[in-house]
2 protein chains.
Amino acid sequence: MKELDYRPSKTNAQGGYAERVYEVFRKHLAQSGLRLTSQRRRILDFMLNSDRHLGQEDISQAMRPHGLGRATVFRTLKMLEECGLVNHVSDESGRRRFEVNLERPHHDHLICISCGRIQEMRWPKLEKIQEDTCRKFGFAPQWHRHEIFGLCRDCRKT
Amino acid sequence: MKELDYRPSKTNAQGGYAERVYEVFRKHLAQSGLRLTSQRRRILDFMLNSDRHLGQEDISQAMRPHGLGRATVFRTLKMLEECGLVNHVSDESGRRRFEVNLERPHHDHLICISCGRIQEMRWPKLEKIQEDTCRKFGFAPQWHRHEIFGLCRDCRKT
DNA sequence: GTGACTGCAAATCGTTTGCAAAGCT
DNA sequence: AGCTTTGCAAACGATTTGCAGTCAC
């Protein structure tokens, strides 16, 4: 998975990534006359410091000790999606899992139906074919969801 | 979309397709000690005679005059998915739309975010690349969801 | 007849919203 | 002060389940 290691990890996040994320967030907030509150910061920090695809429940649980309510988590996630910092994938039972996506090239997801692990996968070739074919049909694609469900390497063995 | 016209329409369904669907359904029911009731038949007939991707609400509404409850529609759809006769796609707000899929080659969906229309699309080349790459990663794909959201030809003009 | 099936209503799950209190600026 | 924001609880929409009566086999 070396080729997917373009997202700064916790450590190198301090080297600029988090700052760039916050820059975008601040700009978005300012433009809409909104505020950067401690709650929003806490949620975003938690996401930045995680390398997993987080469910709303994961985030809410982590926020509970700080007194954050689920509603705030939902509201913040929606806001983060609106300004393009965050995306979501759905797992096989339809629950959403969120990821910070600034500056990350588009990628698709391989979702393990046994352990729930989500592996990321870049397929530029595939996206190209997709775009071209859509256009041929007169369809103007805006976004897509390409989620592949199956067994990951580890779960196959079991 | 000529290439997608392999699914028997209402008229030629009488020429065998519906029968084959029922054969599978009957076998599944028998194996599990379940029964072919008028309700189940009505729902399946309705789906067979429609060429659209139907929402649960479409089906329930059509069944209401016959006294069917929503729960039965849900239960039957789940059962039809379990025996592989029916699949679902989700629209952009997460609602499910169902299609009868027996003997139909796998296809993906172009979903219009303006009018909700769903166009089907076969991409054997793309599926091949996908499978191969998954395997390279040690991932055993079982099914996937590839839904592309955008504007259809008609809605682009507006 | 017996066990599966149905409709209904109540329950659940994830998510959204209304509101009064609290926080920024 | 005047706005946004918050937590809570209630409201929501889609789906599920429990149950007493009904029906297919």
Side-chain angles (χ1 to χ4, degrees), chain A residues 22 25-46 53-83 86-98 111 116 145, chain B residues 22 25-47 53-83 86-98 116 145:
Chain A
Y22 269 103
F25 195 26
R26 280 216 176 76
K27 192 189 289 182
H28 172 80
L29 293 168
Q31 277 177 356
S32 327
L34 306 177
R35 293 165 190 169
L36 180 52
T37 62
S38 68
Q39 290 87 332
R40 288 174 185 168
R41 203 191 304 260
R42 240 194 265 273
I43 292 169
L44 186 47
D45 283 345
F46 180 65
H53 292 79
L54 299 161
Q56 165 271 313
E57 192 51 42
D58 299 321
I59 302 173
S60 295
Q61 201 169 317
M63 293 302 115
R64 205 155 300 148
H66 303 291
L68 291 220
R70 239 187 302 281
T72 304
V73 173
F74 276 112
R75 282 188 279 232
T76 304
L77 285 169
K78 176 180 270 186
M79 170 177 287
L80 288 168
E81 286 205 79
E82 280 162 6
C83 62
V86 161
N87 282 159
H88 74 261
V89 209
S90 345
D91 69 15
E92 92 263 25
S93 44
R95 274 180 231 107
R96 292 177 186 168
R97 307 197 140 268
F98 299 85
I111 301 168
R145 174 154 64 196
Chain B
Y22 268 103
F25 195 27
R26 279 216 176 75
K27 191 187 292 182
H28 172 80
L29 292 168
Q31 277 176 354
S32 327
L34 305 176
R35 290 162 192 173
L36 182 52
T37 62
S38 67
Q39 291 86 333
R40 289 173 183 169
R41 201 192 304 264
R42 239 195 268 271
I43 291 168
L44 187 47
D45 284 345
F46 180 65
M47 296 185 75
H53 291 79
L54 300 161
Q56 165 272 317
E57 192 50 41
D58 299 322
I59 303 173
S60 295
Q61 200 168 320
M63 294 301 117
R64 203 151 302 147
H66 304 290
L68 290 218
R70 240 186 303 278
T72 302
V73 172
F74 276 113
R75 282 187 279 234
T76 304
L77 285 170
K78 175 182 270 185
M79 167 178 290
L80 289 168
E81 286 205 80
E82 279 162 8
C83 63
V86 160
N87 283 157
H88 75 261
V89 207
S90 347
D91 68 17
E92 92 263 24
S93 44
R95 274 178 230 105
R96 293 176 184 169
R97 308 197 139 267
F98 300 86
R145 171 154 66 194

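Proteins get letters first, then strands, A, B, ... in listed order; numbering begins at 1 in each. Below, all heavy atoms of this structure are taken into account, side chains as well, without hydrogens, waters or symmetry copies. Here the structure is a predicted model, which means the values were calculated and not measured.
- In this structure, CZ of R26(B) is placed 13 Å from C1' of dA24(D), rounded to the nearest angstrom.
- Look at R75(B) and you won't find any side-chain N or O under 4.0 angstrom from OP1 or OP2 of dT16(D).
- Summarising the geometry, the separation between CZ on R42(B) and P on dC5(C) is reported as 17 Å, rounded to the nearest angstrom.
- Nearest-nucleotide mapping onto DNA chain C: of L36(B) and A71(B), the residue sitting toward the 5' end is L36(B).
- OP1 or OP2 of dT6(D) has at least one side-chain nitrogen or oxygen of T37(A) nearer than 4.0 Å.
- Side-chain nitrogen and oxygen atoms of R40(B) include at least one within less than 4.0 Å of the OP1 or OP2 phosphate oxygen of dC5(C).
- Distance E82(B) CD to dT15(D) P: 15 Å, rounded to the nearest Å.
- Regarding E81(B), its CD atom lies at a distance of 10 Å from the P atom of dT16(D), rounded to whole Å.
- Positionally, the nearest nucleotide of DNA chain D for G94(B) lies more toward the 5' end than for the other of S38(B) and G94(B).
- The separation between F98(A) atom CZ and dG14(C) atom P is 12 Å, rounded to whole Å.
- Put simply, CG on L68(A) is 13 Å from C1' on dC8(D), counting in whole angstrom units.
- Taking 4.0 angstrom as the limit, Q56(B) places none of its side-chain polar atoms (N or O) nearer than this to OP1 or OP2 of dA14(D).
- Below 30°, between 30° and 60°, or above 60°: for Y22(B) and F25(B) the angle between ring planes is between 30° and 60°, a tilted geometry.
- At dC24(C), none of the side-chain N or O atoms of R35(A) fall inside 4.0 Å of OP1 or OP2 (strictly under the cut-off).
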### Message
Apply side chain to side chain contact (heavy atoms under 4.5 Å, CB included) to residues T72(B) and M63(B) and explain how you reach the verdict.
### Response
CA-CA 10 Å; T72(B) 302; M63(B) 294 301 117; over 6 Å; no
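- Side chain of R40(B) to backbone of T76(B): no donor-acceptor contact under 3.5 angstrom is found.
- Following rounding to the nearest Å, Q39(A) (CD) and dT4(D) (C1') show an atom-to-atom distance of 12 Å.
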### Query
Which is it for E57(B) and R95(B) under the side chain to side chain contact (heavy atoms under 4.5 Å, CB included) test, yes or no, and what are the steps along the way?
CA-CA 10 Å; E57(B) 192 50 41; R95(B) 274 178 230 105; over 6 Å; no
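- Contact between the side-chain N/O atoms of R96(A) and the OP1/OP2 oxygens of dG14(C) is not found at any separation under 4.0 Å.
- Distance, F74(A) CZ to dT6(D) C1': 16 Å, rounded to whole Å.
- When heavy atoms are screened at a 4.0 angstrom cut-off, G67(B) is found touching the sugar-phosphate backbone but no base atom.
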### Query
Is there a side chain to side chain contact (heavy atoms under 4.5 Å, CB included) between C83(A) and Q31(A) once you walk through the steps?
CA-CA 11 Å; C83(A) 62; Q31(A) 277 177 356; over 6 Å; no
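- Side-chain nitrogen and oxygen atoms of K78(B) include at least one within less than 4.0 Å of the OP1 or OP2 phosphate oxygen of dT16(D).
- Nearer to the 5' terminus of DNA chain D, by closest-nucleotide assignment, is the contact made by L34(A) (compared with the other of L34(B) and L34(A)).
- Both T72(B) and G33(B) sit near DNA chain C, but only G33(B) has its closest nucleotide nearer the 5' end.
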